[in-house]
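This report refers to the structure that appears directly beneath it.
In what follows, every chain begins at residue 1, and chains take the letters A, B, ... in the order their sequences are listed.
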Amino acid sequence: MDLAKMSHPNKLCLCKWYFKAGFALLPFLWAINSIWFFKEAFYKPPFEEQKDIKKFVVLSAVGTLVWIIIVIGWVLTFQLNRAKWGEFADDISFIIPLGRP
Amino acid sequence: MFKYNVVQVLLFLMLIFTGIDCQRAKDKMYENIKTSAACFRKMNATHQTGCTSAPSGSTGVVHVIESQKDLNFLLENGTAPPYIPIMPVSLFRHEIMHVLKNSNKISGLIVFKQNFSSLTHYTHDLKCPNELSNIEGTCKHQWNEYGTGLLFEDYPFPIFYLDNDSYVQKIVDCFKKFNDFDYSSQYERSLCSLELTSFMFATTDTPTCMRRSNSKNNLNPVKFCDPMGDKNVFASLFPLENTTDSTDKKYIVVASRMDTTSFFNDVYPGAINPVTSLVTLLSTANLLKKMLPENNNFDKNVLFVVFSGETYDYIGSQRMVYDMQQGVFPVPFDASVQNPVPQIRLEDIGLYVELNQLSKAKEIVAHTLIEDRELANFVTMLRNYNPNVNLKFSKGLLPPCSLHSFLKEKPDFRGLVLTDHQIGYSNHFYNSIYDTVENIDYYYYNVTPENTSNIPKDSIQAYVANISTMISKALYESVTGNKYNNSNLYADIVLVDELFSCYLTNPNCKVHKAIQKNEFAEEPLSLYVGVPVAPNLIRSLIGLTLGWLTGNVYELKDNKTCTNDPKTPAFQYFHMSKSLQDLNNTVCYQTTMNFSEAVSPAFIIPDYDWRSGKYSSWTESTWRDFNVRMYLQPSPAHEKFTIALGSITFILSLILIYFVKSRSNILFPAPPPECAPTNC
């Protein structure tokens with residue numbers, strides 16, 4: 001889809017839809033939304049729906065950030081404690097590295 | 001046309017100068033050193049032991065060490081770490097290994113062979129082998145006095161053993177040429193280096209690696225480790241018949257072991273332990289069979305057992321005891337079998353005689369843990385049959401041996417161990433790469449029954465034959481209740497001579513030719529227990545040999561074939577040579593020999609509690625390959641120049657591409673005007 005060829009109400013509709021869908025545990029949708037509509041929200045000359053688009057872009061970016069913090073926090077916790085957690089850590093692993101405790 | 005010719009000529013010239021020498025760059029850079037004698041990782045219920053390299057190999061600068069002084073010099077003055085020292089085996093000692101382990105300048109180690117005569121002792125097992133599986137209190141003495149325990153430590157770097165002098169010389173030459181001068185500026189130079197690869201998949205301990213090997217969630221299922229173990233070999237003197245009264249004690253077990261270990265893969269000579277005791281057992285079986293060819297309603301039978309995996313906390317004997325307790329020894333009871341064999345339980349064993357390390361020593365010692373009149377009687381019998389042997393009787397202190405597995409489950413179990421030592425092992429090379437033919441002074445005499453006098457009276461062959469004669473006669477008296485009177489019958493020294501050569505020097509020996517048809521490589525077969533997934537040749541050969549020596553010739557008449565028909569677990573049938581002197585003449589043997597599992601009960605008991613320490617828990621890590629190669633590491637200046645050159649080329653090409661793209665209209669004609677879409 002080429003945003004340049006879309007009408008403003010359609011853009012808002014799309015941005016809002018991406019934002020809502022992101023709640024289904026789809027942080028990548030939020031990340032894409034915030035990047036894709038960034039120019040529309042902040043750089044394009046003002047238009048009627050811009051304020052709403054701006055809102056969804058900011059909210060999507062915040063959601064992405066929260067997700068990044070959660071994911072990095074989990075990865076760190078898991079990697080640092082994998083050996084200590086023993087059986088539990090092995091049970092929730094899909095790939096067990098060779099030659100590491 | 002002219003241009004085309006020039007190109008052709010140029011191509012032809014290129015082929016002349018480059019095409020003929022088509023060695024790959026990799027092969028020009030590296031000098032491969034062929035050895036598979038690496039230290040590898042083993043685990044028990046709580047620890048990991050052995051070595052591993054980094055996943056793609058550990059690299060380091062070569063440094064030759066000939067004394068502890070050289071090592072200290074390296075650790076203080078080496079300016080180009082990490083290093084891979086190369087040193088003679090005599091330096092492979094506790095204190096030096098600890099310095100190496102705790103230094104962060106070391107990334108690997110190579111140990112090279114020295115003459116046997118230059119060493120006084122060399123053993124890396126514990127001072128009390130199998131300490132945790134022995135009866136409490138028996139480890140007060142240091143049985144293996146010189147044991148360093150290095151075999152059971154964990155090393156953060158790979159270790160390899162080199163017995164090939166030419167490779168050692170190559171490494172030393174390379175070291176002298178590039179490394180061995182001006183140490184303060186070493187870090188600025190191009191240096192001779194090594195890459196050691198022996199990456200181990202498993203870590204931590206047995207419960208961890210077994211759990212990971214069986215993980216169902218793992219997307220890429222890998223086997224991290226295998227339980228150690230193999231199969232025990234056993235054979236009865238008389239066929240196992242199904243008698244109804246099972247209360248009477250009716251078996252005399254004569255046992256020894258078949259495995260050894262050492263620090264390095266594929267170097268498992270095991271001359272004193274286990275070969276001397278194994279050969280004594282086989283020779284005893286042979287002689288006793290000659291004395292008692294038929295069962296004349298004796299109420300006792302003799303069971304010859306060769307345990308496997310005893311080096312690693314008595315795997316074989318623990319499993320046999322467990323099987324006896326479960327009532328599945330020798331085979332699980334099967335009502336559908338026509339001729340079932342009787343179950344043998346611990347209570348059915350009236351006497352247990354173990355042979356453990358029988359090298360030429362001043363004395364033989366019979367060790368027992370409990371006071372028992374029948375055991376004392378047996379020792380008296382042994383003494384009576386050979387007054388020339390200095391036989392000591394030691395009560396209350398049991399050396400590490402398979403008998404511990406039996407006594408742990410049945411404290412009044414009547415057993416004794418015959419060894420060559422009273423307190424400290426007379427074998428100063430116990431479970432090491434130096435427990436070789438030189439350790440027992442063995443020389444192969446290749447005799448026939450007519451010229452047995454060629455074998456000196458003070459040879460290991462004569463000694464073993466003498467002891468097995470004594471044991472056979474005492475066993476005869478125990479079975480029959482009568483004294484043995486035929487003083488002319490001796491153990492077959494030709495057989496003893498051959499058996500030693502089978503296990504220590506040449507697996508294509510006459511005995512192996514008599515029992516089967518395969519040809520083997522001209523080097524001794526491995527006496528390491530290994531893992532059940534890898535076939536263990538030596539165990540099969542020991543089994544066939546025991547079967548051959550205790551079997552009966554089976555007459556093939558009335559359309560009988562040399563097969564198990566009617567099927568019974570009591571017998572196995574093999575075509576084997578009639579005798580050592582008549583290898584080509586084969587007959588059918590009916591043997592009572594069979595194999596029983598020798599994998600620790602810990603791996604078959606569901607939800608076994610690893611922390612209990614009741615059974616052996618040893619596993620061996622899996623690995624991809626062992627590899628050693630030498631190369632010349634470029635100097636840091638050279639390395640920096642290469643990376644700088646590469647980076648500059650990369651950046652220049654980016655700039656070039658940018659300009660080419662921005663001025664592409666000069667190179668390419670402008671594209672035709674695009675048709676605008678009509679509807680968007």
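Counting heavy-atom pairs under 4.5 Å between each of B:Val222, B:Thr204, B:Leu219 and chain A puts B:Leu219 at the top. Between chain B and the options A:Asp90, A:Ile95, A:Ile92, the largest number of non-hydrogen pairs under 4.5 Å is found for A:Asp90. Heavy-atom pairs under 4.5 Å with chain A peak, among B:Gln48, B:Arg211, B:Met200, at B:Arg211.
Contacts of B:Phe201 with chain A are made by both backbone and side-chain atoms, with heavy-atom separations under 4.5 Å. Within the 4.5 angstrom heavy-atom criterion, only backbone atoms of B:Asn220 (N, CA, C, O) approach chain A. No part of B:Thr52 comes within reach of chain A, as not one of its non-hydrogen atoms sits under 4.5 angstrom from that chain.
Note that OG1 of B:Thr203 and CG of B:Asp154 are 10.0 Å apart. Values are rounded to the nearest 0.5 Å. In this structure, CD1 in B:Ile315 is found 9.5 Å from CH2 in B:Trp618, a value given to the nearest 0.5 Å.
Remark: B:Arg41 does not engage B:Glu620 in a salt bridge, criterion side-chain N to carboxylate O under 4.0 Å. With respect to the salt-bridge test (charged N to carboxylate O, under 4.0 angstrom), the residues A:Lys11 and A:Glu40 qualify.
Taking 4.5 Å as the heavy-atom cut-off, the residues of residues 53-88 of chain A that approach chain B are A:Arg82, A:Gly86, A:Glu87, ordered by number.
B:Glu153 and B:His98 form a side-chain donor-acceptor contact under 3.5 Å, judged by distance and modelled atom types alone. Side-chain atoms of B:Thr46 and B:Asp205 form no donor-acceptor pair, as typed in the model, at a separation below 3.5 Å. Inspection of the B:Thr619 and B:Thr206 side chains reveals an N or O donor paired with an N or O acceptor under 3.5 Å.
For the residue pair B:Phe224 and A:Pro97, the shortest heavy atom distance occurs at CE2-O, 3.8 Å. Nearest heavy atoms, B:Ser53 versus B:Ser198: OG-N, 2.9 Å.
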